[in-house]
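These notes concern the structure reproduced below.
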Amino acid sequence: MVKVELICIGNEILIGKTLNTNAHWLAKRVTSLGLKVNRITTVADDLEEISSAINEALSRNPRFIITTGGLGPTFDDKTLEGIAKALNLKLEVNDEALKMIEEKYAQYVKEGRMEKAELTPHRVKMATLPVGAKPLPNPVGTAPGVLINYENVTVIALPGVPSEMKAIFDESVVPVLRKEAGKVIFYEAGMEVLGIVESEIAPLIDKVMHDNPYVYIKSHPKGEEKTSRIELHFSTTSEDVETAKKRVGRAIIQISDMIKKKGGKIRPIKTSG
């Protein structure tokens with residue numbers, strides 16, 4: 001599978017002020033496109049921390065590194081500087097990005113949201129990208145996303161504001177990921193298990209995963225050990241939906257029979273693909 005690493009940048013996440021919903025949303029979207037998120041890292045708004053996180057990710061040879069946060073005009077928005085340092089690239093004003101920003105501010109003036117569309121140094125900062133980077137249009141906000149092809153890795157930087165991150169991802173990043181994933185699709189299903197504790201279901205999962213090597217099964221306890229309620233999540237990737245359904249279906253039938261023999265009860269809860 002195509003490997004992806006996510007790097008979330010922001011002091012507000014590390015101090016607990018902001019819930020990292022970006023990581024959750026991105027992981028789900030990337031997985032649904034048939035790629036695999038291997039690691040999610042969170043670092044501070046610090047040049048050395050960002051650069052170090054990028055270099056560490058590069059050492060694991062992912063196909064994509066996607067960052068969120070730190071693309072704005074303020075002093076603590078250091079993502080692009082950190083990426084440039086890690087990739088040993090210079091920063092320069094990107095004409096295409098500058099035009100995007102200029103047009104955005106002109107639009108804001110027209111809408112009466114501000115008086116002047118002056119390109120101050122802080123605004124030009126958002127158009128200062130690593131050499132060779134491609135700006136990605138921001139349909140919602142001002143700062144463009146950024147795409148950099150570096151050797152065999154594509155680094156994609158997205159804003160931290162969720163609405164902006166999602167809009168750029170869906171418009172500009174999804175086509176890139178889909179092309180890389182090819183025909184691979186992700187398929188998942190779930191069931192709720194009642195009346196059997198997790199310690200008893202663990203060996204059943206091991207057995208079923210051994211017999212169905214293309215299916216991953218994850219258990220999520222929802223109750224206490226005494227009043228057990230466990231959600232089982234089944235997932236696989238394949239080049240066609242029917243094959244994926246058959247793989248997951250076989251695993252579900254096998255573990256359902258095993259659970260019933262132990263006196264447990266099951267209930268399907270979701271299916272997608």
Side-chain angles (χ1 to χ4, degrees), residues 1-8 13-14 16-42 60 62 64 66 68 162 165-166 169 174 177 181 183-273:
M1 290 182 68
V2 178
K3 295 192 295 183
V4 180
E5 292 213 16
L6 306 179
I7 300 177
C8 304
I13 299 172
L14 293 174
K17 182 178 184 296
T18 301
L19 185 65
N20 192 357
T21 57
N22 284 352
H24 174 265
W25 188 89
L26 279 169
K28 194 170 182 66
R29 289 288 282 125
V30 169
T31 301
S32 71
L33 291 166
L35 297 86
K36 182 181 180 183
V37 176
N38 276 49
R39 188 174 297 223
I40 299 175
T41 305
T42 303
R60 292 184 287 270
F64 294 94
I66 302 176
T68 63
M165 180 275 293
K166 292 175 183 179
F169 184 90
V174 167
L177 299 186
K183 296 180 180 179
V184 174
I185 59 98
F186 174 79
Y187 182 84
E188 61 181 349
M191 68 164 60
E192 191 175 66
V193 180
L194 303 171
I196 180 171
V197 296
E198 190 177 28
S199 57
E200 289 183 314
I201 207 170
L204 308 186
I205 293 173
D206 290 344
K207 168 65 176 170
V208 174
M209 285 183 65
H210 177 271
D211 294 347
N212 300 270
Y214 293 104
V215 178
Y216 180 74
I217 306 172
K218 176 66 178 175
S219 61
H220 302 278
K222 299 297 181 180
E224 298 175 357
E225 184 80 3
K226 232 161 120 185
T227 56
S228 181
R229 183 167 66 89
I230 301 168
E231 181 181 317
L232 294 184
H233 179 258
F234 303 76
S235 62
T236 190
T237 55
S238 175
E239 291 193 352
D240 67 273
V241 175
E242 288 308 311
T243 298
K245 284 183 178 179
K246 287 177 182 177
R247 287 176 179 172
V248 170
R250 282 195 297 267
I252 288 176
I253 290 171
Q254 182 180 359
I255 203 167
S256 295
D257 290 342
M258 297 166 77
I259 289 168
K260 287 174 182 176
K261 286 178 182 177
K262 284 188 169 287
K265 297 179 180 180
I266 59 172
R267 183 176 65 183
I269 53 174
K270 64 180 177 181
T271 301
S272 69

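Heavy atoms only: backbone and side chains are in, while hydrogens, waters and symmetry mates are out. This chain uses plain numbering: 1 for the first residue, then up along the sequence.
Remark: side-chain polar atoms of Thr237 are not paired, donor with acceptor, to backbone N or O of Val184 under 3.5 angstrom.
In this structure, Met165 and Trp25 have side chains that are in contact, with non-hydrogen atoms separated by less than 4.5 Å. At a threshold of 4.5 Å between non-hydrogen side-chain atoms, the residues Leu6 and Thr68 do not count as touching. Residues Leu232 and Ile259 are in side-chain contact: their nearest non-hydrogen atoms beyond the backbone lie under 4.5 Å apart. For the pair Phe169/Val174, a side-chain contact is recorded, criterion being any heavy-atom separation below 4.5 Å from C-beta on.
Applying the side-chain hydrogen bond (donor to acceptor under 3.5 Å, both in side chains) rule to pairs touching residues 201-210 yields Lys207-Asp211, sequence neighbours excluded.
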| message | Evaluate Leu19 against His24 for side-chain contact (heavy atoms from CB on, under 4.5 Å), listing each step before the verdict. | response | CA-CA 10 Å; Leu19 185 65; His24 174 265; over 6 Å; no
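Under the salt bridge (charged side-chain N to carboxylate O under 4.0 Å, His left out) criterion, Glu239 pairs with no residue at all, not counting sequence neighbours. With sequence neighbours excluded, no residue satisfies side-chain hydrogen bond (donor to acceptor under 3.5 Å, both in side chains) with Arg39. Arg29 meets the salt bridge (charged side-chain N to carboxylate O under 4.0 Å, His left out) test with Asp170; sequence neighbours excluded. In this view, Ser256 and Met191, Ile252, Ile266 satisfy the side chain to side chain contact (heavy atoms under 4.5 Å, CB included) rule, not counting sequence neighbours. The ring-ring contact (aromatic ring centres under 6.0 Å, His included) search around Phe64 returns none, not counting sequence neighbours.
Contact between Cys8 and Ile13 at its shortest, heavy atoms only, is CB-CD1, 4.2 Å. Closest approach of Thr236 to Val248, counting heavy atoms only: CG2-CG2, 3.7 Å. Of all heavy-atom pairs between Ala251 and Val215, the closest is CB-CG1, 4.0 Å. Annotation for Met1 and Gly34: closest pair CE-O, 3.6 Å, computed over non-hydrogen atoms. The minimum heavy-atom distance between Ala244 and Ile185, with the atom names listed, is CB-CD1, 3.9 Å. Scanning both residues, Ile230 and Ser219, for their nearest heavy atoms gives CG2-CB, 4.0 Å.
In this structure, CZ on Arg250 lies 13.5 Å from CZ on Phe234, to the nearest 0.5 angstrom. Distance CD1/Ile201 to CD1/Ile217: 9.0 Å, rounded to 0.5 Å. The line from CD of Glu200 to CE of Met258 is 12.5 Å long, rounded to the nearest 0.5 Å. Arg229 contributes atom CZ, which lies 14.5 Å from atom NZ of Lys265 (distance to the nearest 0.5 angstrom). One distance of note links CZ of Arg60 with CD of Glu5; it measures 4.0 Å at 0.5 Å rounding. Atoms CG and CG, on Leu204 and Asp257 in that order, are 11.0 Å from each other to the nearest 0.5 Å.
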